[in-house]
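The structure under discussion appears below in the form of structure tokens.
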Amino acid sequence: MSPQNGFARLDLFTTLPGLAVLPGFALDKEADLVRAVKALAQAAPFRRMKTPGGREMSAAMTNCGAAGWVSDAKGYRYARQDPLSGQPWPEMPVLFYELAAGAAAAGGFADFQPDMALINRYEPGAKMTLHQDLDEQDFSAPIVSVSLGLPAIFLWGGLSRADKPARLHLNSGDVLVWGGKARKFFHGIAPVKAGVHELTGAARLNLTFRRAL
Ligand code: MD3
Ligand code: FE
């Protein structure tokens, strides 16, 4: 499971079992998506969560939809309320839902009905170490990821932590769909380089749409 560097970008989308890369799929909606994230963050602010081990994550996070991914001393889980406010997370904007469903369909997953989105904000230097996403109930559903703002290098391993990760450059507007065997791949984000993007400023935003509950 070691795709060649750059290969995916040569085609409009390329699949390994379960992976679709959709370069620029969200480009025409970038500005509306960033505006929607800013509005959501008014209700449920970005915050840097602590890992169960007590470290502060370098990416700041918020959520929308029926549940939110949270991490604290008790562990990782999906919670129906924002622990900062005790209130339900903001509703998922229709724009988000339709983008995620459309991307999933383009990537070969008809009928994806995400019930939440985790929103990550990376300021320069922030990263995400290699991990698997295993807190969701339904692994038959794909995960759809939308990149906005500053570029980043996505690290894409295999089913074992020891698999040497491939690197994929992600630009604003790029969309990835992960399902099937790829759903449980180790993955991460290399430290984001300094820079300024016209829509997000000195930040990269990533939306991941999931079927969590
Ligand atoms: C492959 N986010 O939130 S998105 C995460 O760019 C996360 O913020 C990264 O990993 C980011 O958990 C990467 C791409 C992604 C998301 C989920 C996956 C790739 C995935 C789940 C399984 C396999
Ligand atoms: Fe992840």
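In what follows, every heavy atom counts, from backbone to side chain, and hydrogens, waters and symmetry copies are set aside. In listed order, ligands and their atoms are each counted from 1. Keep in mind the model is a prediction, meaning the values are calculated, not measured.
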Aromatic ring centroids of Phe209 and Trp178 under 6.0 Å?
-> no
Angle subtended at the Fe ion (ligand 2) by Asp133 OD1 and His187 NE2, to the nearest 10 degrees, is 90°
Structural part of Trp156 in contact with ligand 1, heavy atom criterion under 4.0 angstrom = neither
Side chain or backbone of Ala182 under 4.0 Å from ligand 1, or both, or neither, by non-hydrogen atoms?
-> backbone
Against heavy atoms of [X], which atoms of ligand 1 measure under 4.0 Å?
X: Ser145; answer: 4 (S), 14 (C)
X: Leu118; answer: 3 (O)
X: Arg204; answer: 6 (O), 8 (O), 11 (C)
X: Met128; answer: 2 (N), 5 (C), 7 (C), 10 (O)
X: Arg183; answer: 21 (C), 22 (C), 23 (C)
X: Arg210; answer: 3 (O), 5 (C), 12 (O)

Of the N, O or S atoms in His131, the one nearest the Fe ion (ligand 2) | NE2
Relative to Phe46, does Arg121 satisfy both conditions: NZ or CZ under 6.0 angstrom from the six-membered ring centre, and within 45 degrees of the ring's axis?
-> yes
Does the ring of Tyr122 carry Lys127 above it, NZ/CZ under 6.0 angstrom from centre and within 45° of its axis?
-> no
Take Arg204 and Ser147 through the test side-chain hydrogen bond (donor to acceptor under 3.5 Å, both in side chains) and record every step on the way to the result.
-> CA-CA 7 Å; Arg204 170 176 185 264; Ser147 292; 2.8 Å; yes
Would you say Gln132 contacts ligand 1, with heavy atoms under 4.0 Å as the rule?
-> no
So, Lys184 and Asp133, do they make that salt bridge, N to O below 4.0 Å?
-> no
For salt bridge (Lys or Arg N to Asp or Glu O under 4.0 Å), just list the numbers for Arg77 and Asp72, CA-CA rounded to whole Å, side-chain angles, deciding distance to a tenth of an Å, and then say yes or no.
-> CA-CA 9 Å; Arg77 65 198 172 277; Asp72 60 22; 2.7 Å; yes
In terms of heavy-atom contacts, does CG of Asp28 have more than 12 from other residues, nucleotides or ligands at under 6.0 Å?
-> yes
Among all the protein's non-hydrogen atoms, which is closest to [atom], and how far away is it?
atom: atom 2 (N) of ligand 1; answer: Asn120 OD1, 3.5 Å
atom: atom 21 (C) of ligand 1; answer: His187 CE1, 3.3 Å
atom: atom 13 (C) of ligand 1; answer: Phe154 CE1, 3.7 Å
atom: atom 11 (C) of ligand 1; answer: Tyr122 OH, 3.1 Å
atom: atom 15 (C) of ligand 1; answer: Trp178 NE1, 3.7 Å
atom: atom 16 (C) of ligand 1; answer: Thr208 CG2, 3.8 Å

Hey, does Lys184 come in under 3.5 Å of ligand 1, counting only N/O atoms on both sides?
-> no
Considering distance alone, does some N or O of Asp133 sit under 3.5 Å from an N or O of ligand 1?
-> yes
Using distance alone, with no hydrogens and no angle criterion, decide if Asp135 and Trp69 have a side-chain donor and acceptor under 3.5 Å apart.
-> yes
Are Tyr78 and Gln137 close enough that a side-chain donor and a side-chain acceptor fall under 3.5 Å?
-> no
Check: Leu170 and Leu176 side chains under 4.5 Å, non-hydrogen atoms | yes
Would you say Asn206 and Met128 make side-chain contact, with heavy atoms under 4.5 Å?
-> no
Please assess His187 against Leu155 for the test side-chain contact (heavy atoms from CB on, under 4.5 Å), listing each intermediate value before the final yes or no.
-> CA-CA 5 Å; His187 58 277; Leu155 306 169; over 6 Å; no
